[in-house]
2 protein chains.
Amino acid sequence: MLELRLVQGSLLKKVMEAIKDLVTDANFDCSATGFSLQAMDSSHVALVSLLLRSEGFEHYRCDRNLSMGMNLNNISKMLKCAGNDDIITLKADDGSDTVTFMFESPTQDKIADFEMKLMDIESEHLGIPEAEYHAIVRMPSSEFARICKDLSSIGDTVVISVTKEGVKFSTRGDIGTANVVCRQNTTVDKPEEATIIEMNEPVSLTFALRYMNSFTKASPLSSTVTISLSSELPVVVEYKIAEMGYIRFYLAPKIEEDEEDNNS
Amino acid sequence: MLELRLVQGSLLKKVMEAIKDLVTDANFDCSATGFSLQAMDSSHVALVSLLLRSEGFEHYRCDRNLSMGMNLNNISKMLKCAGNDDIITLKADDGSDTVTFMFESPTQDKIADFEMKLMDIESEHLGIPEAEYHAIVRMPSSEFARICKDLSSIGDTVVISVTKEGVKFSTRGDIGTANVVCRQNTTVDKPEEATIIEMNEPVSLTFALRYMNSFTKASPLSSTVTISLSSELPVVVEYKIAEMGYIRFYLAPKIEEDEEDNNS
DNA sequence: ACGTAACTGA
DNA sequence: TCAGTTACGT
């Protein structure tokens with residue numbers, strides 16, 4: 001028997017909106033620890049990892065580990081039927097091949113439940129090793145989203161270069177080149193507006209902007225984003241989910257044939 | 001060496017949005033006087049003339065006259081990457097075939113630069129003689145825009161007729177006819193809401209609404225628009241740019257085979 | 001600001 | 001004839 005009650009239902013809505021562009025079908029894994037998902041995007045280039053810890057739920061009951069295959073678009077359709085202030089409860093009986101989403105309006109005047117068939121989805125669950133990163137950048141998620149969107153009107157790939165002074169996002173395309181430099185800046189009044197750079201070693205890596213722009217769909221989940229970079233490792237773009245966990249996107253860097261793209 | 005620093009960057013964004021529907025490529029001319037452009041629209045019917053005087057820039061350095069050919073769509077793409085509060089600096093080295101747009105966020109924490117290749121564009125720079133106009137109408141730019149948009153859902157052309165009492169915009173189409181009369185009105189509290197008519201001689205001219213609607217894209221630049229009319233002369237639709245200059249659109253009147261369009 | 005619809009160029 | 005681009009409406 002599975003029963004997860006999430007008071008802040010809008011959070012689940014945002015999570016699905018953030019993932020559904022990237023992943024069409026995925027297994028949601030429930031254990032005593034929490035509710036999690038790991039899935040490759042449809043072209044097997046990027047990886048999404050979601051964790052909602054059990055402590056973040058108002059009520060969390062998961063008698064035994066359960067993996068539920070669902071179509072993200074269908075979930076998203078159902079969640080569109082939930083109000084932003086609704087309390088969402090997810091239920092599944094042991095051995096059942098369905099899952100039920102229940103939406104309670106804050107006033108309890110309206111209760112909706114949606115039952116959905118589960119799917120069999122094969123997936124390799126990859127162990128993602130904790131790694132040491134050459135550089136970790138934390139910045140406002142809206143700013144990162146804006147930069148990725150802007151640069152994608154110029155080029156297809158972004159070179160992210162980190163030095164002690166700041167982080168530089170560069171692209172080039174038919175119409176010219178673009179560089180956006182964000183200086184390290186810890187002095188702002190509000191910590192969520194700071195740009196903080198932890199750097200052990202300068203690093204410069206190239207990524208497809210298409211994926212970066214997909215990742216930034218998670219911006220509503222957190223006011224800040226953390227970008228962890230190491231040469232030869234996939235970048236990690238992480239959005240913390242308050243009190244509950246995170247959503248992390250992994251993307252392998254492009255190998256540059258044309259190293260001049262890395263010049264300033 | 002060219003270096004123009006414009007604190008109110010949104011102004012340049014608006015200027016480009018106003019022109020780019022009409023003109024695809026154009027030469028931007030820089031001299032000690034200021035930054036200007038003159039270009040025909042792609043179908044060679046309308047003419048755009050832009051002037052941003054050097055005094056309007058926070059910093060203006062232009063060692064020698066320079067004509068920079070650019071694709072307006074590409075400029076527009078780059079300017080979309082500038083925030084509305086950004087300070088925009090335009091730079092070009094002598095003899096260089098590129099131009100650089102630099103955007104500084106108000107806090108100086110984010111600095112973006114965009115380099116763009118210049119193009120060779122042939123253009124005849126027309127001398128536009130100062131003319132005496134039969135009638136000059138000044139009215140709120142939003143009202144003029146609204147009238148042009150409304151009339152274009154009825155017909156393709158507008159007859160603008162000026163008498164002492166007011167200005168009349170007329171059209172006719174398959175579904176019927178439409179007339180909008182704006183009375184002279186100087187008594188409003190706010191001068192930018194006034195409709196002022198200076199008339200030496202009544203005048204009635206016909207224009208293609210398609211172009212008028214393009215011209216009204218400049219409405220965000222100024223709360224008022226000035227329409228100068230003379231028979232046998234192109235109309236001038238002018239939007240003043242505060243403290244800096246103007247953007248003027250010229251359009252030749254249609255020669256009416258069918259004079260009944262001019263009747264009230 | 002986004003999505004659609006119409007137009008133009010290939 | 002189709003696709004890309006551009007303009008308009010929501």
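Protein chains get the first letters and strands the later ones, always in sequence-line order, with residue 1 at the start of each.
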Between the protein and nucleotides 4-9 of chain D, are there any N/O to N/O pairs under 3.5 Å, and if so, what are the atom names and distances?
residue: D/dT6; atom: OP1; partner: B/N73; partner atom: ND2; Å: 3.2
residue: D/dA7; atom: OP1; partner: B/D21; partner atom: O; Å: 3.4
residue: D/dA7; atom: OP2; partner: B/D21; partner atom: OD1; Å: 2.9
residue: D/dC8; atom: OP2; partner: B/K217; partner atom: NZ; Å: 3.2

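- For B/K14, there are no salt bridge (Lys or Arg N to Asp or Glu O under 4.0 Å) partners at least two apart in sequence or on another chain.
- With sequence neighbours left out, B/S96 forms a side-chain contact (heavy atoms from CB on, under 4.5 Å) with B/D93, B/T98.
- Residues satisfying the side-chain contact (heavy atoms from CB on, under 4.5 Å) test with B/T100, not counting sequence neighbours, are B/K91, B/D113, B/E115.
- For residues 135-156 of chain B, the side chain to side chain donor-acceptor pair (under 3.5 Å) pairs, not counting sequence neighbours, are B/R146-B/D150, B/S152-B/N213.
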Under 3.5 Å donor-acceptor pairs involving side-chain atoms of residues 77-85 of chain B, not counting sequence neighbours:
none

